[in-house]
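Right, one structure below, let's go through it.
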There are 2 protein chains.
Amino acid sequence: MPAPLMPREQVLQKLISEFRTRGYDATSLSNIATATGLGKSSLYHHFPGGKEQMAADVLEHLRQALRLNVFGPLRSVTPAPRRFDQLLQAIDTFYSGGKDACLLERLCASGQAAALRRPLRSTFNEMMGAFEEVALDAKLPVALARARAEDAVVRIEGALVVCAGLGEIGPFQRVMRSLKRDFLRSAPH
Amino acid sequence: MPAPLMPREQVLQKLISEFRTRGYDATSLSNIATATGLGKSSLYHHFPGGKEQMAADVLEHLRQALRLNVFGPLRSVTPAPRRFDQLLQAIDTFYSGGKDACLLERLCASGQAAALRRPLRSTFNEMMGAFEEVALDAKLPVALARARAEDAVVRIEGALVVCAGLGEIGPFQRVMRSLKRDFLRSAPH
DNA sequence: GTCTATAATAGGATAGAC
DNA sequence: GTCTATCCTATTATAGAC
């Protein structure tokens with residue numbers, strides 16, 4: 001029983017990276033084998049359900065990572081404006097300033113979208129929930145907080161798509177700046 | 001030499017429809033054969049370059065369709081506000097009110113993204129250009145017109161992604177309403 | 001837990017008749 | 001311009017040794 005070449009955590013990271021750059025359907029097991037340095041049989045040891053399960057596990061792992069690294073700052077006792085900056089900073093890092101695509105979007109655009117309906121839905125909801133929570137903490141009225149949270153996620157996802165299409169990171173950076181400036185404003189947007 | 005079962009225009013429509021719903025990489029030639037009612041060999045007659053060429057041709061065709069049906073209203077002599085409403089209406093129809101995905105986004109998320117770099121880039125630019133043109137016509141300052149145009153496309157693309165993820169059309173509809181209300185406003189957003 | 005095979009299938013693509 | 005039949009390759013997936 002040889003020792004693991006790579007901890008599961010790291011395998012999942014590689015999977016996410018592959019899916020984000022190539023897209024889910026365009027990523028073959030051979031691609032994954034190369035990226036991880038593992039043979040196909042080893043991959044089936046980790047993911048008995050094959051590629052389909054990789055998608056599901058990777059999505060679940062992403063949710064945990066988001067809770068830990070991105071939505072985490074929200075639970076602290078730091079005042080809302082400071083926490084919001086941390087949230088934006090984490091998101092900026094997460095997407096490499098607009099260079100990397102969103103895994104959720106890649107999975108939505110894949111043949112697995114139907115099978116991943118529920119986890120996709122709740123991950124998007126969690127993401128919007130995180131923004132809404134900070135907005136509420138900053139004393140924004142509930143309706144406004146909810147609307148702004150949805151708009152923030154919409155803009156982030158859209159900026160990543162447009163950046164991917166243009167091959168530029170400008171749109172993402174401008175969205176981030178705009179959010180930083182206006183998201184918590186109590187005045188009309 | 002049998003008569004064509006389906007005009008090329010219609011074949012391209014079916015292709016677009018397949019790619020939008022299943023994603024490019026998840027759509028097989030068999031899927032396409034079924035959807036069009038054509039055999040694989042017939043498909044290769046129309047697209048000698050195979051699936052790769054289908055993506056390229058479909059993208060080029062979309063550009064034409066956008067110019068004709070979506071950006072078309074811009075060239076008319078109708079006053080800017082009226083033309084903007086027409087633009088939004090065309091976009092709403094084009095995406096079936098948020099139910100259908102964006103082909104551009106699907107192609108960006110596919111294995112063909114690299115090969116389609118240029119046409120993808122210029123189609124996005126054309127899309128933003130259309131918005132910018134109406135904004136300029138409504139006497140918005142150039143910098144503001146450009147910023148709002150980018151933001152409009154970002155929001156539309158993002159809303160479609162979020163709608164796909166949630167399985168709801170609410171976000172898209174709210175983006176459309178928001179654009180209709182604020183896009184041409186000369187005051188600070 | 002990883003490997004080297006190998007199976008089984010599906011995918012993209014072509015040939016040639018009509 | 002379409003069809004049937006076929007080819008080739010890549011892909012997912014499995015078996016079994018270590």
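Reminder, nothing fancy here: chain letters follow the sequence lines and each chain counts from 1.
Ser42(B) has a side-chain polar atom (N or O) that falls below the 4.0 Å cut-off from OP1 or OP2 of dC3(D). Regarding contacts with the backbone of dT2(D), every side-chain N or O of His45(B) stays at 4.0 angstrom or more from both OP1 and OP2. In this model, the phosphate group of dT2(C) is approached by a side-chain N or O of His46(A) to a distance below 4.0 Å at OP1 or OP2.
Remark: Glu150(B) pairs with Arg174(A) by the side chain to side chain donor-acceptor pair (under 3.5 Å) rule, at least two apart or across chains. Listed by chain and number, the residues in a side-chain contact (heavy atoms from CB on, under 4.5 Å) with Glu52(A) are Gln112(A) (sequence neighbours excluded). Taking the side-chain contact (heavy atoms from CB on, under 4.5 Å) definition, one finds that Ser42(A) meets it with Leu38(A), sequence neighbours left out. With sequence neighbours excluded, no residue satisfies salt bridge (Lys or Arg N to Asp or Glu O under 4.0 Å) with Arg82(A). With sequence neighbours left out, the side-chain contact (heavy atoms from CB on, under 4.5 Å) criterion links Ala80(A) to Val134(A), Asp137(A), Ala138(A). In this view, Phe172(A) satisfies the ring-ring contact (aromatic ring centres under 6.0 Å, His included) rule with no residue, not counting sequence neighbours. Take Arg117(B) and apply the salt bridge (Lys or Arg N to Asp or Glu O under 4.0 Å) test, not counting sequence neighbours, and it matches no residue.
For residues 38-68 of chain B, no residue pair satisfies the ring pair (Phe, Tyr, Trp, His ring centres under 6.0 Å) rule, not counting sequence neighbours. Among residue pairs with one or both ends in residues 93-127 of chain B, none qualify as ring pair (Phe, Tyr, Trp, His ring centres under 6.0 Å); sequence neighbours excluded.
Taking atom CD on Glu52(A) and atom P on dA13(D), their separation rounds to 8 Å, with Å as the unit. For the pair Asp25(A) CG and dA10(D) P, the interatomic distance rounds to 19 Å; values are reported in whole Å. Distance Gln53(A) CD to dA13(D) P: 11 Å, rounded to the nearest Å. Gln112(B) places its CD atom 12 Å from the C1' atom of dG12(C), with the value rounded to the nearest Å. The interatomic distance linking Arg22(B) (CZ) with dG11(C) (C1') rounds to 14 Å, in whole Å.
Taken residue by residue, residues 7-21 of chain B places no heavy atom nearer than 4.0 Å to DNA chain D. Within residues 29-39 of chain A, the residues approached by DNA chain C to less than 4.0 Å at the level of any non-hydrogen atom are Gly37(A), Leu38(A), Gly39(A), in residue-number order.
In this structure, the side chain of Lys51(B) engages the main chain of Thr27(B) through a donor-acceptor pair within 3.5 Å.
Among the atoms of the strands shown, only primed sugar atoms or phosphate atoms (P, OP1, OP2) are found under 4.0 Å from some heavy atom of Ser28(B).
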Anything under 3.5 Å between a protein N or O and an N or O of nucleotides 14-16 of chain C, put it in a table, one pair a line.
| residue | atom | partner | partner atom | Å |
| --- | --- | --- | --- | --- |
| dT14(C) | O4 | Ser41(B) | OG | 3.2 |
| dA15(C) | N6 | Ser41(B) | OG | 2.5 |

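A salt bridge is absent between Asp182(A) and Arg148(A): the closest approach of a Lys/Arg side-chain nitrogen to an acidic carboxylate oxygen does not fall below 4.0 angstrom.
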